[in-house]
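Numbering starts at 1 and runs along the sequence shown.
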Amino acid sequence: MRGSLWQLGQSIIRRLSEADKKAVARRYFASEADLKKTVLYDFHVAHGGKMVPFAGWSMPIQYKDSIMDSTVNCRVNGGMFDVSHMCGLSLKGKDSVSFLEKLVIADVAGLAPGTGTLTVFTNEKGGAIDDSVITKVKDDHIYLVVNAGCRDKDLAHIEEHMKAFKAKGGDVSWHIHDERSLLALQGPLAAPVLQHLTKDDLSKLYFGEFRILDINGATCFLTRTGYTGEDGFEISVPSENALDLAKAILEKSEGKVRLTGLGARDSLRLEAGLCLYGNDMEQHISPVEAGLTWAIGKRRRAEGGFLGAEVILKQLAEGPSIRRVGFTSTGPPPRSHSEIQDEKGNNIGEITSGGFSPCLKKNIAMGYVKSGLHKAGTKAKILVRGKAYDGVVTKMPFVPTKYYKPS
């Protein structure tokens, strides 16, 4: 996802107004006719989806329930999200792992087949081009998903480096899965509901693992992952089977799993302390500054070999000058670009995402502050519409994660 939905004039305690929709449209410079539609577009509209322009697509920001209720329901029962605007692709060939390792910070070679990780595509300066979940399907097949708003940039970047790699004799090719749709099923009911639709034992598939299997009669790529902090799955399904699968999931849940839009998706990921590319990560922010040091493989820290490695390894050794942190605050919810000050009124950083937490019933935010002022409990002032309100650095995630891991 790209572009904060907290920023788009939407308040999570009210429905989106027409003025907000126009603001969204202006940001993405697209008329209704220009927008791409997922295969579930009519299904969304039929279920009361409020469609807005988002990264070149017409996507549901919410349905008939409020964003507040939808967020809470995902954590209590479950939510199903159409994330088909995101771009899935496969890299194949005996050199696909070594090729990808030139572009990302992960130890791809060290992944066991059928497992994956969050990673970051970096530029020559160590900044983030995009974040992505990558999976090693087999030693010669990598499956990854990149953000919708970064699709063109990411694909051009990968293609440019692939041409150079192949010119030197490297064996790698790619396939962009435009023939597939992507559904995210998240929350406590995700596994029991999906189990009704497949013969494979999902209790043996843990967080970060991947399998190709039959779901509701279609061959799907199933990853136990998500963007909410809850247990759940991302399901890549052939587009001709996507509508039947969406209907089957809702039916098997007996109404407890609800269609959930981008508004709740944004509040869920913020509660989980997860970055939104374009807000909390950008071309000038490194994975170390973004608090993603854990995603840099141990071998990669020793060997480098990825774009911007010199900058990133130096930051690992000496510490970054800024760090991403969480905040709770009083007053109106902070928004992206709200200034952060110390108690004496000196500028120490900037909020990158913020809003009112539907589950915690208080303001939460994340942003970047100068190193040394990043420890939990550090008091600060956050400026909202020119007025300073009390804030305190708070550990993330704000809501405990519930990933399904071996006990």
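Ion pairing between Glu101 and Arg299 holds under the 4.0 Å rule for side-chain N and carboxylate O. In this structure, Asp178 pairs ionically with Arg151, as a charged nitrogen and a carboxylate oxygen lie closer than 4.0 Å. Glu271 and Arg75 are joined by a salt bridge, as a carboxylate oxygen and a charged side-chain nitrogen come within less than 4.0 angstrom of each other. In summary, Asp140 and Lys92 do not engage in a salt bridge, as defined by a charged side-chain N under 4.0 Å from a carboxylate O. Taking 4.0 Å as the cut-off between side-chain N and carboxylate O, Arg269 and Asp280 count as a salt-bridged pair.
Of the residues listed (Gln341, Lys370, Glu339), the one engaging Asn347 in a side-chain hydrogen bond (donor to acceptor under 3.5 Å, both in side chains) is Glu339, and it is the only one.
Counting heavy atoms from C-beta on, the side chains of Leu118 and Thr225 never come closer than 4.5 Å. Counting heavy atoms from C-beta on, the side chains of Met162 and His157 never come closer than 4.5 Å. Between Phe306 and Leu103 the shortest side-chain heavy-atom distance does not fall below 4.5 Å. Using a 4.5 Å heavy-atom cutoff, the side chains of Phe221 and Arg211 are not in contact. The closest side-chain heavy-atom distance from Asp231 to Arg224 is below 4.5 Å. Contact check for Arg385 versus Pro332: side-chain heavy atoms found under the 4.5 Å cut-off. Residues Asn77 and Val257 have side chains not in contact (no heavy-atom distance under 4.5 Å, counting atoms from C-beta outward). In this structure, Leu155 and Ile176 have side chains that are in contact, with non-hydrogen atoms separated by less than 4.5 Å.
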Query raised in the report: Between His141 and Ser96, is a side chain to side chain donor-acceptor pair (under 3.5 Å) present by the stated rule, with each step listed?
Result: CA-CA 7 Å; His141 179 192; Ser96 54; over 6 Å; no
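Looking only at distances, no side-chain donor or acceptor of Tyr143 sits under 3.5 Å from a matching main-chain atom of Leu91. At distances below 3.5 Å, at least one donor-acceptor pair connects side-chain atoms of Asn123 with backbone N or O atoms of Gly127. Checking side-chain atoms of Thr228 against main-chain N and O of Gly226 turns up no donor-acceptor pair under 3.5 Å. Judged by distance alone, with hydrogens and angles left aside, the side-chain atoms of Asn363 form a donor-acceptor pair with the main-chain N or O of Gly331 at under 3.5 Å. Distance alone, capped at 3.5 Å, is enough to place a donor-acceptor pair between the Arg300 side chain and the Val104 backbone. Side-chain N or O atoms of Lys375 include none that pairs as donor or acceptor with a backbone N or O of Gly372 at under 3.5 Å. Remark: the backbone N or O of Thr401 is not paired with any side-chain donor or acceptor of Glu230 at under 3.5 angstrom. One N or O on the side chain of Thr119 and one on the backbone of Ala106 form a donor-acceptor pair closer than 3.5 Å. With Asp214 contributing its side chain and Gly217 its backbone, the two residues share a donor-acceptor pair below 3.5 Å. Judged purely by atom type and a 3.5 angstrom limit, Thr71 uses its side chain to pair as donor or acceptor with the backbone of Ile67.
Between atom CG of residue Leu259 and atom CG of residue Leu250 there is a gap of 5.0 Å, rounded to the nearest 0.5 Å. With values rounded to the nearest 0.5 angstrom, Gln62 atom CD is found 12.0 Å from Met51 atom CE. Taking CG of Leu292 as the reference point, atom CD1 of Ile285 lies at 11.0 Å (rounded to 0.5 Å).
A centroid separation of 6.0 Å or more is found between the aromatic rings of Tyr404 and Phe207. Remark: aromatic rings of Phe165 and His161 are distant, center separation not under 6.0 Å.
The minimum heavy-atom distance linking Val146 with Ser132 is given by the pair CG1-OG, 4.1 Å. Closest approach of Ile340 and Ala380 over heavy atoms only: CG2-CB, 4.0 Å. Residues Ala128 and Met281 come closest through the heavy atom pair CB-CE, 3.5 Å. Taking all atoms of both residues into account, the shortest heavy-atom contact from Gln195 to Asp200 is NE2-O, 2.7 Å. Leu360 approaches Ile364 most closely through the heavy-atom pair CD1-CG2, 4.3 Å. Minimum heavy-atom separation, Val384 to Pro334: CG2-CA, 4.0 Å.
Counted by atom type alone, Ser371 and Ser321 present zero donor-acceptor pairs between their side chains at under 3.5 Å. Of the N and O atoms on the side chains of His177 and Ser236, not one donor lies less than 3.5 Å from an acceptor on the other residue. Counting only N and O atoms by type, the side chains of Asp131 and Asn147 include a donor and acceptor under 3.5 Å apart. Checked by atom type, the side-chain pair Thr352/Asn279 shows no donor-acceptor distance below 3.5 Å.
Scanning for side chain to side chain donor-acceptor pair (under 3.5 Å) contacts around Thr135 gives an empty result, with sequence neighbours left out.
Ring-plane geometry between Trp57 and His85 is classed as perpendicular, the angle between the planes exceeding 60 degrees on a 0 to 90 degree scale with a lower cut at 30.
Within a 6.0 Å sphere centred on NZ of Lys204, other residues, nucleotides and ligands contribute 12 heavy atoms or fewer. Annotation: Glu179, atom CD; neighbour count of heavy atoms from other residues, nucleotides and ligands within 6.0 Å is above 12.
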